[in-house]
Amino acid sequence: MAKYLYPAIFTQEEHGLYSVMFPDFEACFTQGSGVEDGMEMAEDVLALTLCDMEDDHKPIPQASNPLELQLEKNQFVSL
């Protein structure tokens with residue numbers, strides 16, 4: 001399997017929860033009970049998404065430039 005690096009947008013929700021979405025993938029998102037849990041969950045969902053795409057011989061999208069992503073006040077980007 002190839003190595004990939006994609007930006008994830010973390011959104012702080014109520015009660016310390018974080019939702020995580022990958023702008024380069026339509027259906028690749030998750031959530032965590034905090035930042036650390038969100039990062040672990042994001043790693044898992046991205047790996048599963050990429051593995052499925054490779055297995056299905058679907059094209060892998062090029063990663064967005066994290067500096068060009070539009071964020072809201074309660075969001076941050078992590079790779």
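Owing to the predicted nature of the structure, the values given are computational and were not obtained by experimental measurement. In what follows, every heavy atom counts, from backbone to side chain, and hydrogens, waters and symmetry copies are set aside.
Contacts classified as side chain to side chain donor-acceptor pair (under 3.5 Å) and involving residues 20-32 (residues at least two apart or in different chains) are given here: Asp24-Ser64. Residue pairs meeting the ring pair (Phe, Tyr, Trp, His ring centres under 6.0 Å) criterion with at least one partner in residues 50-79, sequence neighbours excluded, are Phe10-Phe76. A side chain to side chain donor-acceptor pair (under 3.5 Å) check over residues 32-45, counting only residues at least two apart or in different chains, returns the pairs Ser33-Asp37. Among pairs with a residue in residues 68-79, those fulfilling side chain to side chain donor-acceptor pair (under 3.5 Å) read Thr11-Gln75, at least two apart in sequence or across chains.
When every heavy atom of Ala42 is checked against every heavy atom of Val20, the shortest pair comes out as CB-CG1, 3.7 Å.
Under the ring pair (Phe, Tyr, Trp, His ring centres under 6.0 Å) criterion, Phe22 pairs with no residue, sequence neighbours left out. Considering only residues two or more places apart in sequence or on other chains, Phe29 meets the ring pair (Phe, Tyr, Trp, His ring centres under 6.0 Å) condition with none of them.
Atoms CG and CD1, from Leu69 and Ile9 in turn, are 5.0 Å apart once rounded to the nearest 0.5 Å. To the nearest 0.5 Å, the span separating SG on Cys28 from CG on Leu48 amounts to 8.5 Å. Here CG of Leu79 is found 9.5 Å from CE of Met39. Values are rounded to the nearest 0.5 Å.
Both Met53 and Leu46 are assigned to one and the same hydrophobic cluster, defined by single-linkage of ILVMFWY side chains at heavy-atom distances under 4.5 Å.
For the pair Asn65 (side chain) and Leu67 (backbone), a donor-acceptor distance under 3.5 Å is present.
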| task | Evaluate the criterion side-chain contact (heavy atoms from CB on, under 4.5 Å) for residue pair Val45 and Met41; output intermediate values, then yes/no. | result | CA-CA 6 Å; Val45 74; Met41 299 297 287; over 6 Å; no
